[in-house]
A.B. asks: 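There's a structure below that I have some questions on.
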Amino acid sequence: MRILSKRNVIIGAILIVIFVLGAWKLSRPAPTQITTAKVERGKLVQSIEPSGTIKTKSEINLNFDATGRIATINIKVGDIVKAGQMLAKLDTKNLDSSVMQASADLAKAKGNLAAYEAGSTPETIAQYEADVQKAEANLLKAQVDLANLKAGLAQTYKNAYENQITILQGALAPMETAMTDIDSVLGVESTSANDTFDKAITSLDNSSFYYSQAKVDFQIARTKINDSKTATNALNAQSNYADIENAGTKIKSALDAVATSLNSSWTVLDKLDTLNSSHNLSAATVTAKKTTLDTNKAAVTTKKTATLAGEQSIASAKLNYGQESGASGSSQVAQYEASVKIYEAALAGAQATLAIKKAPPREVDLQSYKAAVSSAQAALFAANANRGKAIIYAPVDGVITKKNNEVGETTSAATPVLIMIDNTDWQNEVEVNISEADISKIRNIIASNSGKPQSAKVVLDALGPEQSFYAEIVEIDPAQTVISDVVYYRAKLKILGKYKNDGTVNMVLTKENLQAIKPGMTASVTIYTDERDNVLMIPERAVIVKDGKKIARVLTDKKTNKIEEKEVVTGLRGNEGMIEIISGLNEGEEVVTFIKN
């Protein structure tokens, strides 16, 4: 019984130990799972992958040389046409009328020639005397109109400058108001003006550059305001126009400087810590002051707009009065002066014609009438030529690829009626649509300006991935293209070479290399927007933002999962989720990409 009892005790003790160990293990928290990646050094590439289509190099837009309603279209899309073939025609009723008028003018010129050869009748002489009187009246009216115009424009010219003086002097008060409100935040000119914000600003100044930059902007604005005051307050109605323009330049500069100072002071307010009770500063106080600065900015912007409008009024007055170099030919004065000269010439012509009519026929005068006949013949020829502009002929042999209009529609100079291609040419251009999110990654497309062309790889779906071509961007449309409510920018790439199997490019590209490429083929394009050699890189997901700083968590002890946070400076965002590390990490370190507790 003792042996059995002792055995039972031992078994019971063992069971108790097992139970305790099991309970401890169940209550123990699961180990933290950490995923890491090493800091690597290598080449980081950034690219975008828009899709595109092959465009024909010799796509020809066909349009009428005149606008009008389409009467006839003799072809359809896909038709093969020959050079010189008539493709479309406008409604030529008005052009036909012009031809008829020119024909009538020619008949009249011939009749005048015959009448001159026969000699002038008293009735004819009376008619030309009336023409002289009419020409004299027209000339007198044109001379009076010119004199009135000069007087009016001279006053307008003067008024524009006088109005600008009022505008410039009116800009000084809002700038001073803005400077006073700014100083109530910064305390530059009056150290007691910013008592409300002093503690918070002192704390901000110790940790950032915002306050120091705001003071610099304030001093710049003050200098420019003082400079503009000197120039503007000296202005009056008798001031030299050059002095007024100089004051305008200084006012604009001062307004811009005040706007910059307002923005930097607003930023200081935005960065103040209102949660720190020791600052004695409420968020409502900061918000109210921001609103004051916003009001100042609106007032400064209004004065800047008024100043620019005043300058535009001066520019318009200069143009109309012919004061700007090279503008007199398009000014109203020049137009009226031209009218006077025209009427002077008309009067001289009428007087000369009357003298000729009264004089007996001469051979030299006879030649003039013959010249009039020739001129009328030329006008008839021009009318027929204009009617010819209402017809589209095929310039080369080719194929019609698009028809933008139908019979009965009115043409537009901006949109071609027909588009054709020269079916003997070969293709080497790709057109892609780049999203607004990616367009900023594209460098200057002109290689001579950027130092390096924007390269790309082009794979045509029809030819398969085994063939890839080297291309460079040659053109980017500055205007947006909206597709399904998404903004894109159209870019054109030129195929210049073909990739070899080893990844190098054969830049010797012949016509035969591209014989298989057809217009409209779908192209998968990879545009290499940037690359960095021999740089440190990590997965972008390993970078977190903490307290406004970019942080990478470095695993320093795998056994204990000890992590050290390091502030990093990042650079290029590359492909496959990688990002460049400019500073903060060393090659080979392991950074945490994921933590699961």
Side-chain angles (χ1 to χ4, degrees), residues 29-48 185-186 197-217 260 263-279 281 283 286 290 437-438 440-441 443 528-597:
T32 301
Q33 298 180 10
I34 298 178
T35 304
T36 64
K38 284 193 175 184
V39 180
E40 300 177 349
R41 183 177 294 278
K43 182 176 182 180
L44 185 62
V45 177
Q46 182 191 74
S47 63
I48 59 176
V185 176
L186 304 181
F197 304 96
D198 186 51
K199 291 182 179 181
I201 286 180
T202 300
S203 176
L204 177 67
D205 191 33
N206 292 334
S207 61
S208 69
F209 64 91
Y210 297 108
Y211 178 58
S212 59
Q213 181 60 51
K215 290 196 295 183
V216 171
D217 293 341
T260 299
N263 287 333
S264 58
S265 298
W266 197 98
T267 301
V268 168
L269 289 172
D270 192 55
K271 298 298 181 179
L272 295 181
D273 184 2
T274 58
L275 299 179
N276 191 331
S277 60
S278 66
H279 293 166
L281 181 64
V286 172
K290 283 183 178 180
D438 291 332
S440 61
K441 299 176 183 177
R443 295 192 307 272
Y528 300 104
T529 57
D530 206 346
E531 63 180 43
R532 308 281 169 82
D533 289 321
N534 194 31
V535 298
L536 295 178
M537 66 185 96
I538 62 174
E540 188 172 1
R541 65 180 180 277
V543 179
I544 63 175
V545 177
K546 189 174 182 181
D547 297 330
K549 300 178 181 179
K550 293 182 179 180
I551 301 296
R553 298 168 293 183
V554 179
L555 182 63
T556 58
D557 191 331
K558 293 184 179 179
K559 292 183 179 180
T560 62
N561 285 344
K562 183 178 180 181
I563 294 174
E564 178 184 356
E565 293 185 349
K566 293 186 176 182
E567 184 177 357
V568 296
V569 178
T570 61
L572 178 68
R573 284 185 172 88
N575 295 338
E576 300 177 357
M578 302 298 287
I579 190 169
E580 176 188 5
I581 297 298
I582 297 176
S583 65
L585 297 176
N586 298 313
E587 184 177 0
E589 287 183 320
E590 289 195 37
V591 293
V592 175
T593 60
F594 179 75
I595 298 177
K596 179 179 180 182
N597 294 322

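Hydrogens, waters and symmetry mates play no part in the numbers below; they use all other heavy atoms, side chains included.
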A.B. asks: Could you tell me whether a side-chain N or O of T593 sits under 3.5 Å from a main-chain N or O of T35, the two making a donor and an acceptor?
C.D. replies: yes
A.B. asks: Between D530 and K441, is there a donor-acceptor pair closer than 3.5 Å when you use the side chain of the first and the backbone of the second?
C.D. replies: no
A.B. asks: Going from CG on D438 to CD1 on I48, what distance comes out if it is rounded to the nearest 0.5 angstrom?
C.D. replies: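 D438 atom CG to I48 atom CD1 measures 4.5 Å (nearest 0.5 Å).
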A.B. asks: Just how far is it from atom NZ of K215 to atom CZ of F209, taken to the nearest 0.5 Å?
C.D. replies: 14.5 Å
A.B. asks: Check the pair L186, F197 against side-chain contact (heavy atoms from CB on, under 4.5 Å), reporting the backbone distance first and the verdict last.
C.D. replies: CA-CA 8 Å; L186 304 181; F197 304 96; over 6 Å; no
A.B. asks: Does any part of the side chain of N534, heavy atoms only, come nearer than 4.5 Å to the side chain of K43, both counted from C-beta?
C.D. replies: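 A side-chain contact under 4.5 Å is absent here.
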A.B. asks: Please give me the minimum heavy-atom distance between S264 and A214, naming the atom from each residue.
C.D. replies: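 For S264 and A214, the tightest heavy-atom pair comes out as OG-CA, 3.6 Å.
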A.B. asks: Closest approach of V568 and V543, non-hydrogen atoms and distance?
C.D. replies: CG2-CG1, 4.4 Å
A.B. asks: Can you give me the closest heavy-atom contact between G574 and L44, atom names plus distance?
C.D. replies: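 Shortest heavy-atom separation between G574 and L44 comes out as CA-CD1, 3.8 Å.
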A.B. asks: Is there a side-chain contact between F594 and I34 in this structure, where contact means two heavy atoms from C-beta onward sitting under 4.5 Å apart?
C.D. replies: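 The answer is no, as the side chains (C-beta and beyond) never meet within the 4.5 Å cut-off.
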A.B. asks: If every non-hydrogen atom of I538 is compared with every non-hydrogen atom of K38, which pair is closest and at what distance?
C.D. replies: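 Taking every non-hydrogen atom into account, CG2-O, 4.5 Å.
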A.B. asks: Taking E589 for the side chain and N586 for the main chain, is one N or O donor matched with an acceptor at less than 3.5 Å?
C.D. replies: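 Side chain of E589 to backbone of N586, a donor-acceptor pair under 3.5 Å: yes, one is there.
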A.B. asks: Measure the spacing between OG1 of T556 and CG of N561 and express it to the nearest 0.5 Å.
C.D. replies: 9.5 Å
A.B. asks: Going by atom types alone, do D217 and T260 pair a side-chain donor with an acceptor below 3.5 Å?
C.D. replies: no
A.B. asks: Taking atom CD1 of I581 and atom CD of E40, what is their separation to the nearest 0.5 Å?
C.D. replies: 12.0 Å
A.B. asks: Which distance, rounded to the nearest 0.5 Å, do you find between the NZ of K566 and the CG of L585?
C.D. replies: 6.5 Å
A.B. asks: Please tell me if the side chains of V185 and I201 come closer than 4.5 Å, counting only heavy atoms from C-beta onward.
C.D. replies: yes
A.B. asks: For Q46 and T529, does a side-chain donor sit closer than 3.5 Å to a side-chain acceptor?
C.D. replies: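 Distance-only check passes for Q46 and T529.
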A.B. asks: Which atom pair, heavy atoms only, marks the closest approach of V591 to A542?
C.D. replies: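 Residues V591 and A542, closest heavy atoms: CG2-CB, 3.8 Å.
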A.B. asks: Check residues 545-554 and write down every donor-acceptor pair under 3.5 Å in which the side-chain atom is one partner and the other belongs to a residue at least two apart or another chain.
C.D. replies:
from : atom 1 : to   : atom 2 : distance (Å)
K546 : NZ     : E565 : OE1    : 3.1
K546 : NZ     : E565 : OE2    : 3.1
K550 : NZ     : T570 : OG1    : 2.8

A.B. asks: Applying side-chain contact (heavy atoms from CB on, under 4.5 Å), run through L281 and L272 and close with a yes or a no.
C.D. replies: CA-CA 9 Å; L281 181 64; L272 295 181; 3.8 Å; yes
A.B. asks: What is the minimum heavy-atom distance between L555 and K562, and which atoms define it?
C.D. replies: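 In this case the closest contact between L555 and K562 is CD1-O, 3.4 Å.
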A.B. asks: Report the distance from atom OH of Y211 to atom OG1 of T267, rounding to the nearest 0.5 Å.
C.D. replies: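 Rounded to the nearest 0.5 Å, the OH-OG1 separation comes to 15.0 Å.
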A.B. asks: Which pairs count as salt bridge (Lys or Arg N to Asp or Glu O under 4.0 Å) when at least one residue sits in residues 571-588, sequence neighbours excluded?
C.D. replies: R41-E587, R532-E580, E540-R573
A.B. asks: Between V286 and D270, does a side-chain contact (heavy atoms from CB on, under 4.5 Å) hold up when you go through it step by step?
C.D. replies: CA-CA 8 Å; V286 172; D270 192 55; over 6 Å; no
